[in-house]
Amino acid sequence: MSAEKSALSTPIVIGNWKMYKGISEAESFVKDLLDQLPNPSITVGLAVPFTLIRPVALQLKSSSVLTGAQNMHEASEGAYTGEIAASMIQDAGASFVILGHSERRRYFHETNQQINLKVKKAISSNLYAVLCIGETWDERQEGKTEDVLRKQILEGLEGVDISPYLLVAYEPLWAIGTGVTALPEAIQSVVAFCQSQFIQLFGESGSAIPLLYGGSVKPENCEELLAIPAVSGLLIGGASLTVDSLAKIIEIASVARKSSE
Ligand code: 13P
């Protein structure tokens, strides 16, 4: 795997629709989004339920907005009822996949080892892999944030070669869907810690791995989140479900990029 820089321009804004929206709702969302922002100047992605990959990807075909999945199986194919392979989501039009989201870890008991296999499969398939990591409130209170993240990074990236297809999202669990955003100072020290782990693993090129923040991101707080050094983008749940709030975040992120150039 080459160590070339990620092909994705930053900031990167990814909406994670989780288990929301049917086909017609998704289609009118994408139409409205493209009417407002036909070709965003930054990297924008929509991580949609499996059933929406094809229709959304078709609608986004002539735009720069990427379509993604929220999970996949690590095998190329096989007797795994209910699962879906990297090649299948690519075939449907996805170019990235979220892996190891805290909801997958929590409700579906995904382990770092399983997630590691998925990351390897995605990267070797030339699918952008967004590896999610994050600590619970209790872990934070007990002073275990760095231990938890170190383990998620070391085990999640075990044997993974540095790749432009690798992205990491730091999503503190206590900030997901709660309306509570981590304070910029807290995020800054955690993302700096994550980067130091990437550098230990991959050498200096580890510092080029795009690091996204997720957890109660909204139009009102996205500018200060993007101003945090080492935060290359945002992973957005609730606020990505309405066109107006997602478009607003994309607009703010586009300006943030221009002013940093
Ligand atoms: P919220 O933005 O709704 O807190 O969700 C964050 C998230 O889980 C994105 O993957």
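First listed ligand is number 1; within each ligand, the first listed atom is number 1. Because the structure is a prediction, the values reported are computed rather than measured.
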*Sort out for me which residue in Arg150, Lys151, Lys144 forms a salt bridge (charged side-chain N to carboxylate O under 4.0 Å, His left out) with Asp147.*
Arg150
*If you measure from each heavy atom of Lys218 to ligand 1, is any distance below 4.0 Å?*
no
*Kindly compute the distance separating CD (Glu77) from CD (Glu83), expressed to the nearest 0.5 Å.*
14.5 Å
_Which residue and heavy atom of the protein sit nearest atom 2 (O) of ligand 1, plus the separation_ = Gly237 N, 2.9 Å
*asked:* Can you tell me which portion of Cys132 lies within the under-4.0 Å heavy-atom range of ligand 1? Options are side chain, backbone, both, or neither.
replied: neither
*Could you tell me how the ring of Tyr165 sits relative to the ring of Tyr128: parallel (under 30°), tilted (30 to 60°) or perpendicular (over 60°)?*
tilted
_Closest to atom 3 (O) of ligand 1 among Ser216, Gly15, Gly238, Ser240 (heavy-atom distance)_ = Gly238
*asked:* So if I count the atoms of ligand 1 from 1 in the order they appear, which ones are less than 4.0 Å from some heavy atom of Asn16?
replied: 9 (C), 10 (O)
*Backbone N/O of Cys194 and side chain of Tyr170: donor-acceptor pair under 3.5 Å*: no
*For His101, the ligand 1 atoms whose distance to one of its heavy atoms is below 4.0 Å*: 7 (C), 8 (O), 9 (C), 10 (O)
*asked:* Can you name the atoms of ligand 1, numbered from 1 with element, that are less than 4.0 Å from a heavy atom of Gly177?
replied: 1 (P), 3 (O), 4 (O)
*Atoms of ligand 1 less than 4.0 Å from Leu235 heavy atoms?*
9 (C), 10 (O)
*Hey, which atoms in ligand 1 end up nearer than 4.0 Å to a heavy atom of Ala175?*
4 (O)
_Side-chain donor-acceptor contact under 3.5 Å, His101 with Glu171_ = yes
*Can you check whether Val191 reaches Tyr213 side chain to side chain, under 4.5 Å on heavy atoms?*
no
*What protein heavy atom is closest to atom 9 (C) of ligand 1, reported as residue, atom name and distance in Å?*
Glu171 OE2, 2.9 Å
*Euclidean distance, Gln36 CD relative to Glu251 CD, rounded to 0.5 Å*: 7.0 Å
